[in-house]
Amino acid sequence: MTRVESFLAELTGGTFREWSQEVVTADPLAFGEEQAYASRLAELQADDPLAEASRVGFGAIGGHAVVLVSSDYEFVAGTLGIAAAERVARAFGVATVSRRPVISICQSGGTRMQEGTPAFIKMLSIGAAISEHREAGLPYLSYLMDPTMGGTLAALGTQGHLVWAAPGASISLTGPRIVEAVTGRPFPRDEISAEAGLRRGLVDDIVQPGELAPRIAEWLDIVSPQAALPAISASRTVPAPVDTHAQQPPDAWRSVTRSRERDRPSIESVIEASGAPLIEIRGDRAGSDDRNLLTGFTSLGGEPAVAVGFRRPQGRGAEVSPGGYRKAQRAISIAEELDLPLVSFIDTKGAGAGVDEESEGLAHSVGSLIRELLGVRIPTVSVLMGEGSGAGAIALVAADSVIALENAWLAPIAPEAASAILFRNTERAAHMVRGQAADVAALREEGLLDSIVPEEPTVAETSEMLVNAVASALRKTAAMPPEERLLARRANVRSLARQHLTIREPASSPYVESLPLD
């Protein structure tokens, strides 16, 4: 019995029953490193061919039937690969249909580097599933163990109604080793501890593992979900993406270098090309106004909208603070209140990486923004303008229509940082981005993009083309009924990267499975 199996058995008094092992993946990108990824998987799955980093199933805690989601740190550091993320999303889906609370036990290094962008964008599937579960009025509690980092923290660990942590757990969106490798600055580990998170209001309590079961039972005795289950059509299909650009996109590393050039289209250049003013929405109403993120009312090609986008200080896509993401969330709420479409312009080196950002709840800000975008009923369009690095970029990607400039890209982390993770230096950055399916051609194949806009000789010409593409996308998405649009958006993010999965359906469906309770 593995450590996670022992923990789940103790937590549930031996009632835990695992399922979803039928969702598996292999080596979708044929990723090579010092030890080939496929060989490493084979070793880990030698005793159990269906083993993965996510363990999900039913159990009972204090007489309450719950769905449990747990990370297995012994399997590639508990990282979220394609199959692992799919198992998590399915678990929340089962919990929603069966109207059961979810308890997640997180211990993970984040997104699995060896499965690249296909694994990274599966964070959106988790966000969609958690949104539906919470909208149904069902309780969700997450418990963070040591360490909980990266995509697992943002997409899963921070999104509970309650977030508890184990004593001494390291909790951080960006791991200290990555910050030190990329910036050359030391990162004080005690600033990302569970205790520091409790002082700053990032977790609700610190709970010893041995005390977790009675504490969960105590909470479940109090909460009583009342909201009705929203109607969900399982047969609804999403229209196939339409590619408006026939030109072959350039090499992935060339796209990275081009995306970092000073003279590139930006949210400001697009608004200027539209010929309409921007009336800014300032501040997050919590004491912060991150000027690296521009938000406001405007009109694009005659279509009124709320725009959210990254500025380009010093000619690079900006890093944004937790306050910036809260500001974006406020802008989205205003757009929904006034029934205006939302257009997001994405160009960022990543979320701000540092002690201050982590202390202010960076992971929660990113995760909450993803959930917000997957829950609004207004039309939404996202535009990948250039750099699309890490959680800072994925926070604004989920939309009814996704457009990209031909030299844009999207990856779990900057190529240099990915190289630092796997090779302990930044010299393999080009190798990493080419192997991670991060360029627009790969994103189109993964089902993320609806259209690719060519880059013309001047910024003004490209910006004008973007205005027309955005206006066209807004008119198309606005024509759909709101509920249909929401269901299609969520169905689309669930379908991302599914071609990499092998799904062996179980003999009996967990949707109708019943857990006998004393």
Side-chain angles (χ1 to χ4, degrees), residues 1-13 16 53-55 59 61-62 64 66 68-75 77-80 88 101-110 139-180 186-223 322 354-367:
M1 183 178 288
T2 66
R3 281 181 291 179
V4 68
E5 288 172 329
S6 298
F7 186 86
L8 293 173
E10 181 178 351
L11 182 65
T12 63
F16 178 70
S54 292
R55 313 295 291 267
I61 299 177
H64 296 272
V66 300
L68 290 116
V69 174
S70 183
S71 308
D72 187 348
Y73 200 76
E74 296 175 43
F75 194 101
T79 49
L80 282 176
V88 171
V102 173
I103 309 297
S104 69
I105 312 297
C106 300
Q107 186 182 33
S108 169
Y140 170 38
L141 183 147
S142 60
Y143 183 63
L144 312 181
M145 301 184 74
D146 183 36
T148 303
M149 297 189 172
T152 303
L153 177 63
L156 184 65
T158 65
Q159 296 305 298
H161 294 97
L162 284 179
V163 179
W164 294 344
S170 294
I171 303 166
S172 175
L173 185 63
T174 307
R177 179 159 58 87
I178 306 309
V179 175
E180 292 169 350
F187 195 108
R189 266 63 169 179
D190 59 345
E191 294 296 331
I192 59 168
S193 68
E195 289 74 12
L198 181 63
R199 289 196 305 271
R200 298 180 178 114
L202 303 181
V203 300
D204 295 294
D205 204 354
I206 295 175
V207 180
Q208 293 282 354
E211 299 173 359
L212 188 58
R215 292 291 307 278
I216 290 173
E218 183 179 46
W219 180 61
L220 292 176
D221 285 341
I222 297 171
V223 295
V355 171
D356 290 343
E357 287 81 4
E358 298 293 350
S359 300
E360 293 172 19
L362 178 60
H364 184 272
S365 299
V366 170

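Please read all numbers here as calculations on a predicted model, not as lab measurements.
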Qualifying residues under side-chain contact (heavy atoms from CB on, under 4.5 Å), relative to [X], sequence neighbours excluded:
X      : value
Ser108 : Ser71, Thr152
Thr12  : Thr15, Phe16, Ile61, Leu68
Pro214 : none
Thr158 : Leu153, Ala363, His364

Side-chain (Asp204) to main-chain (Trp164) donor-acceptor, under 3.5 angstrom = no

Test item: [X] and [Y] side chains (from C-beta on) under 4.5 Å apart, heavy atoms:
X      : Y      : result
Phe7   : Ser70  : no
Leu11  : Tyr143 : no
Gln208 : Pro167 : yes

Results of side chain to side chain donor-acceptor pair (under 3.5 Å) for [X] - residues two or more places apart only:
X      : value
Gln107 : none
Ser104 : Tyr140
Thr174 : none

If you compare all heavy atoms of [X] against all heavy atoms of [Y], which two are closest, and at what distance to 0.1 Å?
X      : Y      : result
Ser54  : Val88  : OG-CG2, 3.5 Å
Gly160 : Ser142 : N-OG, 4.1 Å
Ile206 : Ala166 : CG2-C, 4.1 Å
Gly168 : Ala194 : N-CB, 4.2 Å

What pairs of residues pass the salt bridge (charged side-chain N to carboxylate O under 4.0 Å, His left out) test when at least one of them lies in residues 190-199, not counting sequence neighbours?
-> Glu191-Arg200

Run the numbers on Ile105 and Leu212 for side-chain contact (heavy atoms from CB on, under 4.5 Å), then give the verdict.
-> CA-CA 11 Å; Ile105 312 297; Leu212 188 58; 4.0 Å; yes

When rounded to the nearest 0.5 Å, the distance separating CD1 of Ile103 from CG of Leu141 is 5.0 Å

Spatial distance of atom CD (Glu357) from atom CG (Leu173) [nearest 0.5 Å] = 10.5 Å

Can you list, pair by pair, the side-chain donor-acceptor contacts under 3.5 Å of residues 215-223, counting residues two or more places apart and other chains?
unit_1, atom_1, unit_2, atom_2, d
Arg215, NH1, Asp205, OD2, 3.3
Arg215, NH2, Asp205, OD2, 2.9
Asp221, OD1, His64, NE2, 2.7

Salt bridge (Lys or Arg N to Asp or Glu O under 4.0 Å) against Glu10, all qualifying residues, sequence neighbours excluded = none

Pair Met149-Ile192, side-chain contact (heavy atoms from CB on, under 4.5 Å): steps then yes or no | CA-CA 10 Å; Met149 297 189 172; Ile192 59 168; 4.2 Å; yes

Full working for side-chain contact (heavy atoms from CB on, under 4.5 Å) between Ile171 and Leu202 | CA-CA 10 Å; Ile171 303 166; Leu202 303 181; over 6 Å; no

In chain order, what residues pass the ring pair (Phe, Tyr, Trp, His ring centres under 6.0 Å) check against Tyr73, with sequence neighbours excluded?
-> none

